[in-house]
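Below is one structure, written out as structure tokens, with a few remarks after it.
The shown structure was predicted, so the numbers you read here are calculated from the model rather than taken from an experiment.
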Amino acid sequence: MHAPEQDGKLPMLRRQKILLMLEREGKVMASDLSQHFKVSEDTIRRDLNELGRAGLLQRVHGGGLPRSSDSGKDYLTRAQQPSDIKRDLARQAVRHVQEGQVVIFDSGTTTLNIARALPIDIKITAVTNSPEVAIALGRYEGVRVLMIGGELTPDAMAVTGHQAVEMLQGIQADLCFLGICALHAEAGITVSSFAEVATKRAMIQRSGYVVAAVTADKLGAVEAFSVAPAKGIHQLITESDVPDGVLDGFRAQGMAVEPAELAY
């Protein structure tokens, strides 16, 4: 039996160590933490619950997983952050676009960068649920833009709801650039807003090929609401310095992994 804690500072120090272990190992399990810290599993569950409520990890059955560094930030906040990495990802992503295709552009700041990085003379039909992306695409003479209707979710600057899903069900796209909030090899594609779940699922289902351009901080992270298994993505484009150990789990799901070339 584990002895009760006497020092009020112990929980705080232990929780700091749990976060360090989470960063190093990519996940933590209550049973392992109980043995490591020599406290009860109930104590560890309280620690994990507190860390989850603080937004420092995603609570899952039996333990905890990382959350994306963008978690809880609205679209405008994310759009104002430095985006050199996202521009590199976008330049790589647009190589998958072919003349004459029907392409779905999901909402998100990385997807917005992809829309801006298209060849100036490209001729495609673009479908999007993002007003910002629609405006960017509208500047291309050869791009026909179909704007999905429905309710605007302000935090994500995305149009969602049953109207959006119904419109997507009537489209068969060649390619989809899926906006990613968090991507985990086991937990799959997850988002922080339940309103986005059905729309993203429809985009995956109605696309022949799904590309996700993802910054390193979103890999291995988990949010509250599940969209689809990781294998719903065909092509992952990410930063060139992500360790193979992180990417192996995605390759095991049948996903092609492509490092972005840095612009100098």
Side-chain angles (χ1 to χ4, degrees), residues 1-78 81 108-109 153-156 158 160 179-201 212 214-233 242-243 245-246 248-250 252-253:
M1 180 178 293
H2 299 293
E5 296 176 313
Q6 302 297 327
D7 189 341
K9 293 182 179 179
L10 287 179
M12 180 177 65
L13 294 173
R14 185 175 58 246
R15 290 166 191 169
Q16 290 174 345
K17 291 179 180 178
I18 288 172
L19 290 175
L20 290 172
M21 293 171 70
L22 179 62
E23 182 178 0
R24 183 175 66 248
E25 299 173 16
K27 66 178 178 180
V28 289
M29 301 301 294
S31 56
D32 296 336
L33 293 173
S34 173
Q35 294 180 19
H36 179 83
F37 291 107
K38 295 180 171 56
V39 296
S40 70
E41 287 195 34
D42 283 343
T43 296
I44 292 297
R45 280 191 284 268
R46 285 194 293 272
D47 288 338
L48 295 175
N49 288 339
E50 285 298 319
L51 292 169
R53 279 192 286 268
L56 298 173
L57 57 75
Q58 178 60 46
R59 190 75 167 88
V60 296
H61 180 69
L65 292 170
R67 299 192 74 182
S68 163
S69 64
D70 278 345
S71 182
K73 297 177 182 176
D74 63 25
Y75 179 90
L76 293 177
T77 300
R78 289 182 282 116
Q81 293 175 332
T109 54
T153 303
D155 287 349
T160 60
I180 298 295
C181 184
L183 180 61
H184 191 280
E186 297 173 11
I189 306 161
T190 55
V191 292
S192 57
S193 170
F194 181 72
E196 293 187 84
V197 171
T199 309
K200 287 183 182 290
R201 283 180 183 169
V214 186
T215 53
D217 61 295
K218 296 180 180 180
L219 297 177
V222 177
E223 292 294 347
F225 303 105
S226 177
V227 173
K231 64 183 179 181
I233 295 169
V242 175
V246 174
D248 286 344
F250 299 112
Q253 297 284 335

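- For the pair Ile189 and Pro229, the tightest heavy-atom approach, listed with the atom from each and the gap, is CD1-O, 3.8 Å.
- Looking at heavy atoms from C-beta onward, Phe250 lies in side-chain contact with Leu183 at the 4.5 angstrom threshold.
- With contacts defined as side-chain heavy-atom distances shorter than 4.5 Å, the pair Asp47/Leu33 does not qualify.
- His36 places none of its side-chain heavy atoms less than 4.5 Å from the side chain of Lys17.
- Val197 approaches Ser226 most closely through the heavy-atom pair CG1-O, 3.5 Å.
- Partners of Thr199 by side-chain hydrogen bond (donor to acceptor under 3.5 Å, both in side chains), not counting sequence neighbours: none found.
- A salt bridge between Arg45 and Glu41 is present, with a side-chain N of the basic residue lying under 4.0 Å from a carboxylate O of the acidic one.
- Across all their heavy atoms, Ala221 and Ala182 have their closest contact at O-CB, 3.4 Å.
- Take Asp248 and apply the side-chain hydrogen bond (donor to acceptor under 3.5 Å, both in side chains) test, not counting sequence neighbours, and it matches Arg251.
- Here Thr190 contributes atom OG1 and Lys218 contributes atom NZ; the two are 11.0 Å apart, rounded to the nearest 0.5 Å.
- To the nearest 0.5 Å, the span separating CZ on Phe37 from CE on Met21 amounts to 5.0 Å.
- Rounded to the nearest 0.5 angstrom, Leu51 CG and Leu19 CG are separated by 5.0 Å.
- Residues Val39 and Arg14 form a side-chain contact, since some pair of their non-hydrogen atoms from C-beta on lies under 4.5 Å apart.
- Just one residue in the list Thr43, Asp42, Asn49 forms a side chain to side chain donor-acceptor pair (under 3.5 Å) with Arg46, and that residue is Thr43.
- Considering every non-hydrogen atom in both Pro66 and Gly220, the closest pair reads CD-O, 3.3 Å.
- For the pair Glu186/Leu65, no side-chain contact is recorded, criterion being any heavy-atom separation below 4.5 Å from C-beta on.
- The heavy-atom pair separating Leu57 from Gly64 by the smallest distance is CD1-CA, 4.4 Å.
- With no hydrogens or angles considered, a side-chain donor-acceptor pair links Thr215 and Asp217 at under 3.5 Å.
- The line from OG1 of Thr160 to CZ of Phe194 is 10.5 Å long, rounded to the nearest 0.5 Å.
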